[in-house]
Amino acid sequence: AAPFNYFLYISKFQLKKLYQCNKSGSTIGAKALKNLLTNDVLVDKWELAMYIPECTYSSSMELEGEARLSSIHSDMIADMRKFLQAGFEQVKETVNITDCLQVFCTPLFLEKKDILTEDEASAIPVKMKVEPSKQQSEEAKQLLAFFVEKCSSRRDHMEKIRHFEQMTCSDHPTLKEPLAEARQLQDEANDGAFEQARELLPLLEQSYEQLLAQEAETRTPGDECELLERIELCRGVLETQETSRNKVMEMIAEIEEMFRTYIQEVISDIKSQILNLNVEIKDRLSQLLAEHIGTRNFSKIVTESFAFHSCSFNLEPEFIEILIGCVPKSERMAALNLADSVGCTPLMLAVKAECSDSEHKRNMQLRTCQMLLNYGADRDIQDLDGRTALGVFRYSMRDIKDFLKIRDLDVRHDAIHVREMESLLMPSSGTTRADTCSM
């Protein structure tokens, strides 16, 4: 089996000039790649292969500005086509945070995918970096930064709550030592002498009853006194140990009650801080409204700030509801269906949020999507790849599944959540081809 997390980076892959041109219709590059990655030297020695397409710059040296940038992009796309032919896929999630393109594959990709023709590879859409709108006002930028900060703060607070909910008394820095000492005393109270006395007492009492049942002449002198002494001794041991055990149990109960009180107070304090975030948001929006009273600039700033997008991706329905109250009803549908620089609406960003590891996150995702749809979000809008929100959700699920498979981890999605999301996001006009391919 391949070593865990074995990563293969292809730093350079060159072909003769004859086979570099997309119009040649050649599959030599793709076949060479596939043979290279599946030969005896490399087979079963990698789990994830990656390549960063290159640009020769020869065709763009004399160009300037956008023409030069376009030429560089064309060179990189031409370089990555042979990888797409072989079964690689583009890493689309990093397009807007890096200046380079990236492709990757797993052994499973190579095994299940046939080599594509040049036409088939050319038909695969390549996502390119889209520069953010330069028309966004300074106030809109500041408002977005404000909401990003508040979403981050709320996320941190929720993580703290989950941390304290999972915390045990043994994790508490000041209570763990007295708890350990109390439990040690509890073990000592349950030592061998106690168990021996508890087992021996009923036998001695039975023997004493049998002795009393005998005729006085047949009893051995001193037996009755000896049995009574042993019975009293056992009872004394049990009584002493029982008293000790009760004190220890009271001590443990007191420590655990102190811990429960501590947890309740901490979580209550964190929840108060979360409520304060809502107050801070309302105060900030009220201040912004006061600055633009009597104009339409206020709702325009809220919409163009992409605050809806940030709150949707962070699954913050309470923040979204506050924002919705700032936009007139006639403008809400446009605000909730505004696409960002990569073609994503707030609904698409909400379904992109990774929540497979948490029931709380899954519930928040469902609640956020339901809220957006109730206020006018459109299920039928498509992103730059032709996916509706349903397709984006499916693609996100597939990404998680593929990632876990690469790491040889168990792949389990909550079936009920997936069904609910599929039903909720189903486009009124039916799924697109890209939606179907995203499964």
Side-chain angles (χ1 to χ4, degrees), residues 77 80-81 83-85 87-96 101-105 108-109 112-114 116-130 133 306 308-309 312-313 315 332-356 362 365-366 368-403 411 413-439:
I77 291 172
M80 74 185 288
R81 288 294 179 198
F83 286 84
L84 298 178
Q85 276 185 283
F88 280 65
E89 291 187 9
Q90 183 185 8
V91 182
K92 296 184 178 181
E93 289 73 16
T94 60
V95 165
N96 286 292
L101 300 176
Q102 300 167 341
V103 290
F104 77 101
C105 84
L108 192 63
F109 288 7
K112 293 196 171 183
K113 293 183 180 182
D114 295 327
L116 303 178
T117 65
E118 282 284 358
D119 288 340
E120 289 171 334
S122 297
I124 298 174
V126 175
K127 182 175 281 189
M128 302 300 295
K129 185 173 185 177
V130 181
S133 172
F306 293 104
F308 277 113
H309 296 68
S312 298
F313 183 71
L315 306 178
R332 283 178 188 172
M333 191 171 291
L336 290 175
N337 292 305
L338 179 67
D340 63 12
S341 60
V342 293
C344 284
T345 63
L347 182 61
M348 292 175 185
L349 289 171
V351 303
K352 269 187 177 183
E354 205 290 293
C355 55
S356 61
R362 289 193 291 270
Q365 184 179 55
L366 193 62
T368 301
C369 291
Q370 285 174 331
M371 175 178 286
L372 291 169
L373 290 166
N374 289 342
Y375 280 109
D378 191 345
R379 298 176 178 86
D380 295 332
I381 294 178
Q382 300 175 20
D383 66 8
L384 299 181
D385 293 321
R387 297 188 188 97
T388 65
L390 175 63
V392 174
F393 175 71
R394 287 175 173 176
Y395 193 81
S396 176
M397 292 293 100
R398 194 182 76 179
D399 267 0
I400 296 167
K401 187 175 180 180
D402 288 345
F403 175 74
V411 182
H413 290 306
D414 187 288
I416 296 175
H417 177 68
V418 172
R419 282 199 300 271
E420 288 176 333
M421 290 294 290
E422 289 259 344
S423 175
L424 186 68
L425 300 171
M426 184 60 65
S428 59
S429 54
T431 58
T432 66
R433 187 167 179 268
D435 290 342
T436 305
C437 294
S438 297
M439 295 182 74

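These values consider heavy atoms only, across backbone and side chains, with no hydrogens, waters or symmetry-generated copies. What you are looking at is a predicted structure, and each value in this text was computed from that prediction instead of being measured.
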Nearest heavy-atom pair of [X] and [Y]: which atoms, and what distance?
{"X": "Gly376", "Y": "Asn337", "result": "O-ND2, 3.1 Å"}
{"X": "Ala339", "Y": "Phe306", "result": "O-CE2, 3.8 Å"}
{"X": "Val392", "Y": "Met348", "result": "CG1-O, 3.7 Å"}
{"X": "Cys369", "Y": "Ala350", "result": "SG-CB, 4.0 Å"}
{"X": "Thr432", "Y": "Arg387", "result": "OG1-CA, 4.3 Å"}
{"X": "His309", "Y": "Leu349", "result": "CB-CD1, 3.4 Å"}

### ring-ring contact (aromatic ring centres under 6.0 Å, His included) involving Phe83 - partner list, sequence neighbours excluded
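In terms of ring-ring contact (aromatic ring centres under 6.0 Å, His included), with neighbours along the sequence ignored, Phe83 is linked to Phe13, Tyr51, Phe88.
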Rounded at 0.5 Å granularity, tell me how far [atom1] in [X] sits from [atom2] in [Y].
{"X": "Glu89", "Y": "Ile124", "atom1": "CD", "atom2": "CD1", "result": "8.0 Å"}
{"X": "Asp383", "Y": "Ile381", "atom1": "CG", "atom2": "CD1", "result": "11.0 Å"}
{"X": "Thr431", "Y": "Leu425", "atom1": "OG1", "atom2": "CG", "result": "12.5 Å"}
{"X": "Leu84", "Y": "Glu118", "atom1": "CG", "atom2": "CD", "result": "10.0 Å"}

Should [X] and [Y] count as side-chain neighbours, where that means a heavy-atom distance under 4.5 Å?
{"X": "Val351", "Y": "Ser396", "result": "no"}
{"X": "Cys344", "Y": "Lys352", "result": "yes"}
{"X": "Thr388", "Y": "Ser429", "result": "no"}
{"X": "Met421", "Y": "Val418", "result": "no"}

### Query
Do Leu390 and Arg379 pass the side chain to side chain contact (heavy atoms under 4.5 Å, CB included) test, and can you show the C-alpha distance, the side-chain angles, and the key distance before you say yes or no?
CA-CA 8 Å; Leu390 175 63; Arg379 298 176 178 86; over 6 Å; no
### Task
Let me know which of Leu373, Asp378, Thr345, Leu372 forms a side chain to side chain contact (heavy atoms under 4.5 Å, CB included) with Leu336.
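Filter result, single survivor: Leu372.
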#### Entry: Name of the residue among His417, Gln370, Glu420 meeting side-chain hydrogen bond (donor to acceptor under 3.5 Å, both in side chains) with Gln365
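Result: among His417, Gln370, Glu420, His417 is the only option passing the side-chain hydrogen bond (donor to acceptor under 3.5 Å, both in side chains) with Gln365.
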### Message
Main chain of Pro125, side chain of Asp385: is a donor-acceptor contact present, judged purely on distance under 3.5 Å?
### Response
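Absent.
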### Query
Does the Arg332 side chain pair with the main chain of Tyr375, one donor and one acceptor, at a distance under 3.5 Å?
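No; zero donor-acceptor contacts below 3.5 Å.
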### Query
Between Asp119 and Ser122, does any side-chain donor sit less than 3.5 Å from a side-chain acceptor?
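Their side chains do not contain a donor-acceptor pair, so the 3.5 Å distance test is not met.
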